[in-house]
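Written below as structure tokens is the structure these notes are about.
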Amino acid sequence: MNVRDSEHMIAELNREETYLLTKDAKEADLILINTCSVREKPVNKLFSEIGQFVKHKKHGAKIGVCGCSASHLGEEIFKRAPEVNFVLGARNVSKIREAVLKERFLSIDINYDESAYAFGEFRQNPYKAYINISIGCDKKCAFCIVPHTRGEEISVPHELILKEAARAAKSGAKEIFLLGQNVNNYGRRLSGGKRGEINFSQLLVKIAEIDEVERIRFTSPHPLHMDDEFLEVFASNPKICKSMHMPLQSGSTAILKAMRRGYTKEWFLERAKKLRAMSPQASISTDIIVAFPGESERDFMDTMEVMEEVRFEQIFSFKYSARPLTTAAQMTNTVNNKTASLRLKTLQDRHAGLLDEMTPNYKDRVFEVYFEELRENKMAAGRTSQNFTVCVEGGEELLGKIKNVKITRPQRLILYGQVV
Ligand code: 5AD
Ligand code: SF4
């Protein structure tokens, strides 16, 4: 979502002036730092990063801090880093042009409604179009700061999404990537409180009807809203990539309850089993938090059991990090850091073991790969429908094309192969 927010800011800036992107901060007239606040570590890094930019920047160059930490820290950023010129929250992206014109500017209103704002056009990757389908989140999971930085959930009207998808696909983005904190809750509330006319499953079908769209991805769905209609559309529609993100967070029903996730271990396992049965070729990825307050060894074993049973193709795993404004931050039954580190390592080591069992099976298999980028050593990289990264020898001629690739050397993170 931050990548897309950055694209939106670039597009807005380019409406009347031409801004050129540079990776060299010394050269920049404007430095934008788009921030995350989900865990504490990146927030701490923010101020040292600002310090580095201040030291090396061109005289007169402006610095803007944007995104979730901007929403959350607001004025404090000016206090701790007076060299910052503007602070723009995650729901105030459309004000970037106003921000750059002022000496000092702050806009962090989490009720500001950009759900139907027609942002300008900019895409970092011409082959893949990110499209926001909703902003904010209504869920209020106990550990999560996002509802406090991105505000309440509002869906983007489906007409706008379809128009944007059609325009992007016609201009060469064969892949449409739908974004939202809780995508499969799409349509619950539009701007002004009205209910949307279509739900997420229906939106997927409508996007698939656009001829030029060849692949559809989305993130993040919530396990609670994975109803049968959704799983059926996912499994049966050939344009929907067979890669599902199912953020587990914890395998323990007691911890899920404390997290306010709204589902149980059994519900999650049943949905995952159903998905595997309906779409045997699909990959499942997940997010897992270890050492949430009150997590016992038994609770952690529940998480390990779910991982063992579902055999996720990919996990993103984190140590619990207490975040301001969240209800979990008030909990006193915290798990000590040594135990938390040990659990994270146990989980990650076992997942590496699972990958070592799964990866060799990809040898000699043929996947359809959509090539998106060039890598070092004359390699081109792309993704399979399951979201596996595949590298082959090749160059520009492959970019934007879908080719059959036979895997010759499967590795944990990259499958190497040859176009056949
Ligand atoms: N501590 C650790 N991980 C967190 N996440 C969200 N909030 C926290 C937190 N306070 C993780 C969740 C979420 C992912 C994007 O980040 O797993 O799905
Ligand atoms: Fe955070 Fe939960 Fe919303 Fe995801 S669903 S953004 S974890 S509050």
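Indexing begins at 1, ligand by ligand and atom by atom, following the structure's order. What you see below is based on every heavy atom in this structure, not just the backbone, and it leaves out hydrogens, waters and symmetry mates.
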- Item | Pairs where residues 38-49 contributes a residue and the test side-chain hydrogen bond (donor to acceptor under 3.5 Å, both in side chains) is met, not counting sequence neighbours | none
- Phe230 and Phe200 aromatic centres sub-6.0 Å: yes
- Give a yes/no verdict on a cation-pi contact between Arg80 and Phe47, requiring under 6.0 Å between NZ or CZ and the six-membered ring centre and an angle within 45° of the axis. yes
- Query: At a 4.0 Å threshold, what atoms of ligand 2 neighbour a non-hydrogen atom of Arg261?
  - Reply: 2 (Fe), 7 (S)
- Note on the structure: Given the options Arg217, Arg123, Lys239, Arg383, Glu175 meets salt bridge (Lys or Arg N to Asp or Glu O under 4.0 Å) only with Arg217
- Item | Set of side-chain hydrogen bond (donor to acceptor under 3.5 Å, both in side chains) partners for Asn85, sequence neighbours left out | none
- Task: For Tyr370 and Tyr127, indicate whether the former's side chain and the latter's backbone hold a donor-acceptor pair under 3.5 Å.
- Result: yes
- Task: Mind listing the protein N/O/S atoms less than 2.8 Å away from atom 3 (Fe) of ligand 2? Waters don't count.
- Result: Cys137 SG
- Is the shortest heavy-atom distance from the side chain of Leu275 to the side chain of Met246 under 4.5 Å? yes
- Message: So, taking the atom named CG in Leu30 and the one named OH in Tyr19, what distance separates them when rounded to the nearest 0.5 Å?
- Response: 6.0 Å
- Query: So, Phe316 versus Phe318, ring centres under 6.0 angstrom or not?
  - Reply: no
- Message: Check for me whether Arg150 has a heavy atom closer than 4.0 Å to any atom of ligand 2.
- Response: no
- Applying a heavy-atom distance cut-off of 4.0 Å, which protein residues contact ligand 1? Val38, Arg39, Phe143, Gln249, Asp287, Ile289, Phe318, Lys319, Tyr320, Ser321, Arg323
- Query: Are side-chain N/O atoms of Lys242 and Ser279 paired as donor and acceptor at under 3.5 Å?
  - Reply: no
- Message: Tell me whether Lys95 forms a cation-pi arrangement with Phe86, defined as NZ or CZ under 6.0 Å from the six-membered ring centre and within 45 degrees of its axis.
- Response: no
- Numbered in order shown, the ligand 2 atoms found under 4.0 Å of a heavy atom of Phe143 are 7 (S)
